[in-house]
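Notes to accompany the following structure.
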Amino acid sequence: MGHMLNNTIQDVLIRRARMKGMNACWVPGTDHASIATEAKVVNKLKLEGIDKATLSREEFMKHAWEWRDKHGGIILEQLKRLGASCDWDRTAFTMDESMYESVIDVFIDLFDKGLIYRGVRMVNWDPQALTAVSDEEVIYKEVRSKLYYINYRLKDSIGHITIATTRPETILGDTAICVHPEDERFSHLVGKTAYVPLINREIPIIADEYVDREFGTGALKITPAHDINDYNLGLKHKLPSVDIFNDNGTMSKQAILYVGKDRFEVRKLIVKQLEEEGYISKIEDYTNKIGFSERTDAVIEPKISLQWFLKMDQLANPALDVVEEDQIRFHPAKFKNIYRHWMENVKDWCISRQLWWGQQIPVFYLPDGEMVAAKSKEDALIRFGERFPDRDIEIGQLKQDEDVVDTWFSSWLWPIAVFDGIRKPKNSEITYYYPTNDLVTAPDIIFFWVARMIMAGTEYRKEIPFQNVYFTGIVRDKNGRKMSKTLGNSPDPIDLIEQFGADGVRMGMLLMAPAGNDLPFDPALCEQGRNFSNKIWNALRLVKGWQSDQNLKQPEDAQVALRWFGSRFNEAYALAEDHFEKYRLSDALMTIYKLIWDDFCSWYLEMIKPGMNQPIDNKTLEATIGFFEDLMKLLHPFMPFITEEIWHVLRERAEGDDIIIARLPQATNIDDKIIQLFGFAEEVINGIRKLRAEKNIPFREPVELLVKLKNEAHDQTFNGITKRLCNLSEIRYVDEAPTGAFGFIARSTEIFIPVSTSVNIEAEIDKLREELSYTKGFLESVNKKLSNERFVSGAPADVVSKEIKKRDDAQSRIQVITEQLASFEGK
């Protein structure tokens, strides 16, 4: 669902750009998703009775490519169903030859610059995927745990020191106990030693200000191999490190106990043994945050490992500057602060993954550990020869690094590599298309992808990769949970398209998807989109069902309707364009939606509709078809399928005359006066319709309309339309309020309809008295607010003006009701 939202927004932007006459290029493609894909392939092989460990790298890659060829195109076909108007001939994949070579070239370049290095560090280890993952690929979740208080026997004295831990299985890797140097409870123990329960390893008691005296007992067990903070304390105090876990999360031989058993099974077993042997003093419920792998949802295990890293500080500074200086604009702008915080505190990027599916790290080793980065063994041999001219090195001695680079290490090059700008930095396409205009993405990958693409752009093109970044919201279910396959709360997008149509799904999502705000998805939204499609289609059937008469003169009411809708169209068009420029796509769509549903279908078509079995004049029909075409142009980026269909039904068209490449309408002047006049007419018409409904006056019964004149003359532009739409026998202007008439106010003008003989006068008097009492109470509450000086001086001007308008409207309404009561009671 997130992909559907994201790609719908991209399609809206690219279709609009195309209709503005731009050379609009949207390159589709996918990354190779190394962790997720390799996990899928390994699982598939297991089902076939094949163990990955029995295969060579080349054999495994053959299986991986077969899986990719079978499944890799599914999402692209889904995008076509959605209506994504990509340049499909340009479809790119991060394992394509040009993309693969670009990644290798960049690795070698950064290695040679000294920005890529190899080192032993504490990393986030995924025991299920059997690979390291970056900090950004760890999702922290709040879970209910237990806090175990465990006694460590002191050496050379009677007694013990108690520590509290949520991970009792890791005591087997403890190499120290740490207390705060100012904690008087333990000061006499610093420098002494204690024994790790069950295995009796002697460990020192040390002091460090890092310890939180308020947590647990104030004494902290130190396990340098399995906690990042313990790792740093271990380096500081020169403590040994005992790695008690195998790569798959089972206990290693160094654990001594429970060797080969899973870490979570061992937690249960060791707690039982500790209790039986009297080491546990108490157990408490405890809520804490635990890191999970974004890809496999396995609990992350901090692990000391030899990995490849990319130094980020040198790359981060220029990438931060271009956002701070608004060379790249974020929509909404609030994400600029999040970006700044991350860039100012950026850590080196762990770019190696212990996988086979991906770009293999282009580093070659000699038996003595010397290394070079090169595209091939042959290139590596040349490089070694240049470094060690006195050594007789043979190609058979060279061995390539087994790891691959992180998938994001290929994705960060996307805006450059899709135009082959790494391998051929001066080719015509990269020169023409780079930098690109817009990036649409989710905020949860602002660090994975957005920041790194900006870094790559400033490093390799000395230029930003895009000018605008539109952050979509995260699609959530009605309960506020993020939609995911794991939770099973995400509907199949294709099923939604089958049920509501692609246009309906697109519109339903966009109406509720303002930039950066989460989308509380409900299938009812898609139903609203489908209903809108039906509304437009019914309007088409109505217009196409009219017969025109070349000799029929255009009625005056039709001329008024054309003048009004032309101005209303231009007014809404200008507003929608303003929303587009500010990347408020949801607001732009709602503006167009109301223009079509309310102004065109509900008002304009009713104004010009001919009588039953009557023809329409040719001039009005042609203008109406023109309006319909322009409306479809505005709507096309949002709802491409129905607009293209209607485009071809409205008129006979030549081959290639498609709305997808039609130019957007040219905006013309707006007649503010006629828009204002219609606003008044709309209130009058709605007031009459409401009064008919309340008083049970059927539409077939003509009624007279009386308008009480004020000082100025009353404009009669919309009188003919009002009479026809409300079945009025006459519109008369009076100086005084008539007796025995129903009334209402439209923009401070008093409007009356004489009482029908069928109306119950007593019942009407009761209703008016009830309404008068309510309106007086409402006026009293408004006056109370306006008499409060703190409110009047402190509230925004528009809020105060709204309250003043409420007061004036209530006073006018009270006057009208009072006059009506007087006329009825006098009658």
Side-chain angles (χ1 to χ4, degrees), residues 122-133 138-153 160-178 194-201 203 212 215-217 219-231 233-234 240-293 296-305 486:
M122 176 69 75
V123 299
N124 305 299
W125 186 262
D126 183 334
Q128 185 172 322
L130 299 178
T131 183
V133 296
V138 179
I139 308 298
Y140 287 92
K141 303 177 187 178
E142 197 170 83
V143 298
R144 292 180 179 178
S145 302
K146 298 285 184 183
L147 195 59
Y148 303 90
Y149 289 77
I150 304 174
N151 300 326
Y152 286 58
R153 184 167 54 86
H160 59 264
I161 183 170
T162 305
I163 62 90
T165 180
T166 59
R167 303 191 65 196
E169 68 277 11
T170 62
I171 68 170
L172 304 176
D174 287 354
T175 58
I177 293 173
C178 192
Y195 294 104
V196 176
L198 305 182
I199 58 174
N200 291 323
R201 178 188 299 130
I203 58 175
D212 179 3
F215 176 77
T217 64
L220 184 71
K221 64 188 281 303
I222 305 300
T223 319
H226 300 293
D227 181 273
I228 183 61
N229 298 308
D230 291 7
Y231 172 72
L233 282 172
S241 180
V242 180
D243 187 350
I244 63 169
F245 292 124
N246 295 316
D247 288 349
N248 63 358
T250 59
M251 308 305 286
S252 70
K253 290 181 180 179
Q254 284 185 284
I256 302 173
L257 302 177
Y258 309 111
V259 175
K261 293 185 180 297
D262 182 77
R263 52 187 171 154
F264 296 118
E265 180 188 0
V266 171
R267 181 173 300 175
K268 297 176 183 177
L269 295 173
I270 202 168
V271 167
K272 182 180 179 182
Q273 185 175 353
L274 288 169
E275 285 182 312
E276 290 173 349
E277 298 188 24
Y279 287 105
I280 291 184
S281 60
K282 65 175 177 176
I283 301 174
E284 295 178 342
D285 290 330
Y286 185 70
T287 300
N288 61 332
K289 287 190 174 181
I290 293 178
F292 291 79
S293 169
T296 65
D297 204 40
V299 174
I300 288 295
E301 193 61 61
K303 184 179 176 67
I304 298 172
S305 180
T486 306

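- Between atom CG of residue L172 and atom CG of residue L198 there is a gap of 7.0 Å, rounded to the nearest 0.5 Å.
- Nearest heavy-atom pair across I161 and A194 is CG2-CB, 4.5 Å.
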Derivation of the side-chain hydrogen bond (donor to acceptor under 3.5 Å, both in side chains) call for T250 and D262 = CA-CA 4 Å; T250 59; D262 182 77; over 6 Å; no
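- Between L269 and Q273, every side-chain heavy-atom pair lies at or beyond the 4.5 Å cut-off.
- The one candidate from T165, V271, I283, T166 that meets the side chain to side chain contact (heavy atoms under 4.5 Å, CB included) condition with K146 is I283.
- Comment: D285 does not engage R144 in a salt bridge, judged by the lack of any side-chain N to carboxylate O separation of less than 4.0 angstrom.
- T223 and D227 share no donor-acceptor pair across their side chains, judged by distance under 3.5 Å alone.
- The side-chain heavy atoms of R153 and N200, taken from C-beta on, include a pair separated by under 4.5 Å.
- For the pair H226 and V242, the minimum side-chain heavy-atom distance is 4.5 Å or more.
- In this structure, I203 and V196 have side chains that are in contact, with non-hydrogen atoms separated by less than 4.5 Å.
- Residues P302 and I228 are not in side-chain contact: their nearest non-hydrogen atoms beyond the backbone lie 4.5 Å or more apart.
- The CD1 atom of I199 sits 7.5 Å away from the CG atom of D174 when rounded to the nearest 0.5 Å.
- Between S281 and H160 there is no side-chain heavy-atom pair separated by less than 4.5 Å.
- A salt bridge links D297 to K141: one of the charged nitrogens lies within less than 4.0 Å of a carboxylate oxygen.
- What you find for I244 and E169 is that their closest heavy atoms are CD1-O, 3.5 Å.
- In this structure, N246 CG and K253 NZ are separated by 9.5 Å, a value rounded to the nearest 0.5 Å.
- The heavy-atom pair separating I171 from P197 by the smallest distance is CD1-O, 4.1 Å.
- The structure places CZ of R267 at 8.5 Å from CZ of R263, a figure rounded to the nearest 0.5 Å.
- Note that CG of L233 and SG of C178 are 5.5 Å apart. Values are rounded to the nearest 0.5 Å.
- When all heavy atoms of I280 and Y148 are compared, the closest pair comes out as CD1-CD2, 4.4 Å.
- Between M122 and D230, the closest side-chain pair of non-hydrogen atoms is not below 4.5 Å.
- When side chains are defined from C-beta on, E301 does not count as touching V299, because their heavy atoms never get closer than 4.5 Å.
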Full working for side-chain contact (heavy atoms from CB on, under 4.5 Å) between F215 and L147 = CA-CA 11 Å; F215 176 77; L147 195 59; 3.8 Å; yes
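- Nearest heavy atom pair, residue W125 against residue L130, reads CZ2-C, 3.5 Å.
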Do E284 and Y149 pass the side-chain hydrogen bond (donor to acceptor under 3.5 Å, both in side chains) test, and can you show the C-alpha distance, the side-chain angles, and the key distance before you say yes or no?
-> CA-CA 8 Å; E284 295 178 342; Y149 289 77; 3.0 Å; yes
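- Remark: the backbone N or O of S293 is not paired with any side-chain donor or acceptor of T296 at under 3.5 angstrom.
- In this structure, the separation between CG on D247 and OG on S305 is 7.5 Å, given to the nearest 0.5 Å.
- Here the shortest heavy-atom pairing between M251 and F245 reads SD-CE2, 3.4 Å.
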